[in-house]
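We count ligands from 1, going down the list as the structure has it; atoms in each ligand are counted the same way.
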Amino acid sequence: MLAAKINGTEQAMTPVIDPEACKPRAPRKLHAREQHPEDTVVRVGDVAIGGGAFVVIAGPCSVESEEQMVETAQAVRQGGGAILRGGAYKPRTSPYSFQGLGPNGLTLLGLAGKATGLPYVTELMDAEDLPLLEEQADMIQIGARNIQNFSLLKKVGRSSKPVLLKRGLMTTVDELLMSAEYILDGGNQSVVLCERGIRTFETATRNTLDLSVVPVLKERTHLPVIVDPSHAVGKRRYVAPMAKAALAVGADGIMVEVHCRPEAALCDGEQSLHPSEFAELMAQLRGMAAMCGRTI
Ligand SMILES: O=C[C@H](O)[C@H](O)COP(=O)(O)O
Ligand SMILES: C=C(OP(=O)(O)O)C(=O)O
């Protein structure tokens, strides 16, 4: 029996259990194509993801300084990127690695966004930062490491901000779709899925880009699907081929890392494109998109 001391005397306590909390809920499958045949279009500022255009999200892995952020955002804009990316809160393997600038990073993203007219997406790691991101960011990213942080998913599910949900290192298609379901079930219908490579036995690339998941997801869900070739391959020279492959397999866009000086980047410089490489990739993607009857 549970007991508590009230006014110095020990008293028996029985927890009050809400019977509703124990009732099973009928599964809804809000993500499923069979229940929602038409493609969902997610709006981020003026940008539509899932409406036929190939949307390019680009920017540095992490926000590092005003100069770095504005210079890189300008390169993204000039190359034809539609949405800016940048991490202010960084999920790092080592606690000694750069952890991000936190709220100051959001301020710099806001400055870079204003300077270029680009909306931005940034990662949410801790629910206590959600109000700040809701106030400042255009899209909230849930990263690979938090894909099954169900309480965080429930919270962004109650938000009105669009969510970019990245597949985890070991996430199956069913698990990815169920994580999306948590957000949809909360009432937030603006969810974009992102394939970013999964962990396999192969070490030649950072992760193994599972491009076959794009047609699989397109069949099973109405939600837009994008690909992050940067985190998948981990090396800049492999990024462009996989970005083009993402377009070829029917993804709704890509998220690619670009840094004005990748050699000096505080995180993931090896997989970040130089501005000139980004511009070249964009020119190639535009040519390919035109052949597929799509726009960028
Ligand atoms: O942007 C991404 C992550 O924070 C980064 O890829 C993690 O890399 P790490 O495993 O070197 O910390
Ligand atoms: C941390 C990131 O990626 P992932 O969650 O896919 O590792 C990122 O895009 O900044």
Side-chain angles (χ1 to χ4, degrees), residues 44 49 55-64 68-69 72-73 76 81 83-102 105-106 108-109 112 120-126 129 133 137-149 152-153 156 162-171 175-176 179-180 183 191-200 203 205-211 213-214 217 225-236 238-239 242-243 246 251 253-259 262 265-273 278:
V44 182
I49 309 179
V55 174
V56 177
I57 303 174
C61 176
S62 311
V63 183
E64 299 166 6
Q68 169 252 10
M69 206 50 237
T72 306
V76 169
I83 300 175
L84 185 62
R85 65 146 288 146
Y89 301 91
K90 293 306 302 175
R92 300 307 304 273
T93 302
S94 164
Y96 308 114
S97 299
F98 177 58
Q99 302 285 308
L101 298 180
L106 295 181
L108 297 182
L109 276 163
Y120 76 80
V121 56
T122 196
E123 180 162 352
L124 172 72
M125 286 175 53
D126 191 319
D129 300 316
L133 264 71
D138 300 291
M139 184 179 212
I140 295 172
Q141 178 172 321
I142 299 294
R145 292 157 184 82
N146 269 316
I147 178 98
Q148 288 195 318
N149 181 339
L152 194 60
L153 296 177
V156 294
V163 176
L164 177 60
L165 180 64
K166 297 189 83 175
R167 186 182 186 182
L169 276 71
M170 304 277 285
T171 311
E175 288 165 346
L176 170 61
S179 290
I183 303 171
V191 181
V192 175
L193 306 177
C194 180
E195 159 62 28
R196 47 77 74 205
I198 50 175
R199 181 162 288 172
T200 67
T203 54
T205 49
R206 186 179 187 186
N207 293 288
T208 297
L209 184 56
D210 178 13
L211 277 177
V213 86
V214 176
L217 287 172
V225 181
I226 69 163
V227 170
D228 170 353
S230 308
H231 285 86
V233 298
K235 290 190 182 98
R236 114 171 31 95
Y238 304 139
V239 170
M242 301 321 285
I254 49 170
M255 180 154 87
V256 63
E257 288 190 337
V258 180
H259 194 291
L266 297 180
C267 184
D268 287 351
E270 261 190 85
Q271 66 193 36
S272 302
L273 299 181
F278 176 65

Heavy-atom closest contact ([X] atom, [Y] atom, distance):
X: T122; Y: A88; value: OG1-N, 3.6 Å
X: L153; Y: I183; value: O-CG1, 3.8 Å
X: Q68; Y: E64; value: OE1-N, 2.8 Å
X: G59; Y: L84; value: CA-CD1, 4.4 Å

*Before accepting this row, confirm whether a basic side-chain N of the pair E175/R167 lies closer than 4.0 Å to the acidic partner's carboxylate O.*
no
*Less than 4.0 Å between a side-chain N and a carboxylate O, is that true for R206 and D268?*
yes
_N/O donor-acceptor pair under 3.5 Å between S272 side chain and H259 backbone_ =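 Checked: no pair found.
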*Check whether any side-chain N or O of R199 sits under 3.5 Å from a backbone N or O of G168 as a donor-acceptor pair, and report yes or no.*
no
*Among K166, Q271, R85, which one satisfies side-chain hydrogen bond (donor to acceptor under 3.5 Å, both in side chains) with D228?*
K166
*With hydrogens left out, which residues have an atom under 4.0 Å from ligand 2, given that only heavy atoms count?*
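These residues qualify: R85, K90, P91, E123, Q141, G143, A144, R145, K166, R196, H231, M255.
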*Hey, which residues fall under 4.0 Å of ligand 1 on heavy atoms?*
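Contacts of ligand 1 under 4.0 Å: C61, K90, P91, R92, T93, R145, R206, H231, C267, D268.
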